[in-house]
Amino acid sequence: MWLQLDGEGPLYQQLYRALRRVILEGALLPGARLPATRSLAREAGVSRNTALLAYEQLLDEGYVTARTGSGTFVAASLPEEPAPAPRPAGGSGGRSRGPAPTLAVSAQARRMLAQAPRSGVSWDMPRRHLAYDFRYGEPAYADLPLETWCRLLGRRARRASAVRLAYGDPAGAPELRRALAGYLRRARGVVCTPEQILVTHGSQQAIDLVGRVLIDPADRVALEEPHYTGFSLPLSAYGAELVSIPVDEQGLCVDELTAQPAVRGVCATPSHQFPTGGVLSLERRLALLSWAERRAAFILEDDYDGEYRYEGRPVPSLQSLDRSGRVLYMGTASKLLFPSLRIGWLVVPEPLVRVFSLAKAYADTGSATLEQRVLADFIEGGYLERHVRRSRVRNAARREALNRAVERHLGGTASLAGTRAGLHGLLWVHELPGAREAELRRACAARDVGLYPVRPYYTHPPPQAGYVLGYAALSEADIDEGVRRVAAALEGL
Ligand SMILES: Cc1ncc(COP(=O)(O)O)c(C=O)c1O
């Protein structure tokens, strides 16, 4: 690939423009792979960081897509018209827009492709090494009792017997469902039998099961605005009509939900609204439950980081207050332990156990059992609760450090919201318009800081720039330095 830099402005901008030109002129066709940043940097005579920044801008603007582990590719549909393709002398002159489909795909698949995310979902966020990375969704890997985990894993693996190698119950290993029933009662007040628990592949599979069991095409399903895109992307692919309900510092505005006609169900994050951080008050919890009872609607309660609470009185999970069997409660090991475990749980009301077990069986005949049994041992041995207690103390100190750092370096220019619970806060930058969110992100990346815009989580993005700041994986000193660099980057804009 031959690139000509135009010599104007920052190097990464020059490289970005040169690459965009190459794409629009059709020298790189949709689906084509771009060179790795290292070789591009060598070829263009720039630093690797410059190449990374140029790729990020192309990614932000939709010219390329990134697939973790496999590289950067020209997007299937470009945000602007390609320049007319130069006709190669003597050639056919035809330009391919990527591989022609050989099979018709379903309406669901078409919706999936049409809405494919450009950014904002955990599995699609480009990963690069940054010294001060406020990437949301990362637990503190250094705090994990990995030795204990590995010891329990080794013990279970050595004990593998013919029976344990066979198919198990698709709904999950009985040991884990028993252990989870006890843990969820103690930690989150969840009232259920082990039979009501389905072990899923992360909470993402729980969302998928709810989408298939409870939602028909054209059903109206309410989501918080802003919301976790892990809900909206699959549910709209299944044909649900999504209804946005605003949130405030107390979480979902239940009054606005009850004013909506014909809503089949709602997906909510009551313990720590994602991403704004509000905690649903008891009064609103009761109002929500009573709405669900009157309308025979379901509530999918996403309790993704409810264990981490630093202020105020503990609020019971919605499930613990549900008397009419309307709440489906889901949780995940991704925040308590680590995301690659891909273990989550869905607690369903008794009358729905059979149909959800069938849906899980049809999806995958059950999750792999070895790690389920290890997690059961980890819970029964008391290691999980010990780990959560310790992590809560450490995360409380990190949260303090973040609040202090924002006050010290960004006081007056930005404010931090939603840190009463969980593992992230939401930084609103007062004077920066939302349309410039990516600009600050790139300026931060040039200073080795990872900053993640809040826009992808909104259906109607706010006028102001905001960033989801995950702080659990950073030390207190790094949090302070990271925020100091954000302030410096902001000043440079
Ligand atoms: C709001 C929310 N729910 C759930 C999850 C966890 O998803 P999973 O269990 O599929 O890893 C996340 C992860 O980032 C999240 O942000």
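Small disclaimer: the values here were computed from a predicted structure and weren't measured. Start at 1 and go down the list; that is how both ligands and their atoms are numbered.
- No salt bridge links Asp480 with Arg404; every basic N to acidic carboxylate O contact stays at or beyond 4.0 Å.
- For the residue pair Gly189 and Ser320, the shortest heavy atom distance occurs at O-CB, 2.9 Å.
- Across Asp302 and Pro270, no two heavy atoms sit closer than the pair O-CD, 4.2 Å.
- Among Lys335, Arg309, Arg188, the single residue meeting the salt bridge (Lys or Arg N to Asp or Glu O under 4.0 Å) criterion with Asp303 is Arg188.
- Checked by atom type, the side-chain pair Thr276/Gln273 shows a donor-acceptor distance below 3.5 Å.
- Listed by number with element, the atoms of ligand 1 under 4.0 angstrom from any heavy atom of Gly202 are 9 (O), 10 (O).
- The closest approach between Arg342 and ligand 1 falls below 4.0 Å for a heavy atom of the residue.
- Annotation for ligand 1: atoms under 4.0 Å from non-hydrogen atoms of Gln204 are 10 (O).
- Remark: ligand 1 and His201 share no N or O pair separated by less than 3.5 Å (distance only, no angle test).
- The contact set between ligand 1 and Asp302, taken as ligand atoms under 4.0 Å from a residue heavy atom, comprises 1 (C), 2 (C), 3 (N), 4 (C).
- In this structure, Gly137 does not count as a contact residue of ligand 1, since none of its heavy atoms falls inside 4.0 Å of the ligand.
- Looking at Ser203 next to ligand 1, an N or O pair under 3.5 Å apart turns up.
- Contact annotation: for Lys335 versus ligand 1, heavy atoms closer than 4.0 Å belong to the side chain alone.
- The environment of CD in Glu283 is sparse: at most 12 heavy-atom neighbours from other residues, nucleotides or ligands sit within 6.0 Å.
- Note on Arg177 versus Glu195: no salt bridge recorded, every NZ/NE/NH1/NH2 to OD/OE distance being 4.0 Å or above.
- Contacts of Ser334 with ligand 1, taken as heavy-atom pairs under 4.0 Å, involve the side chain alone.
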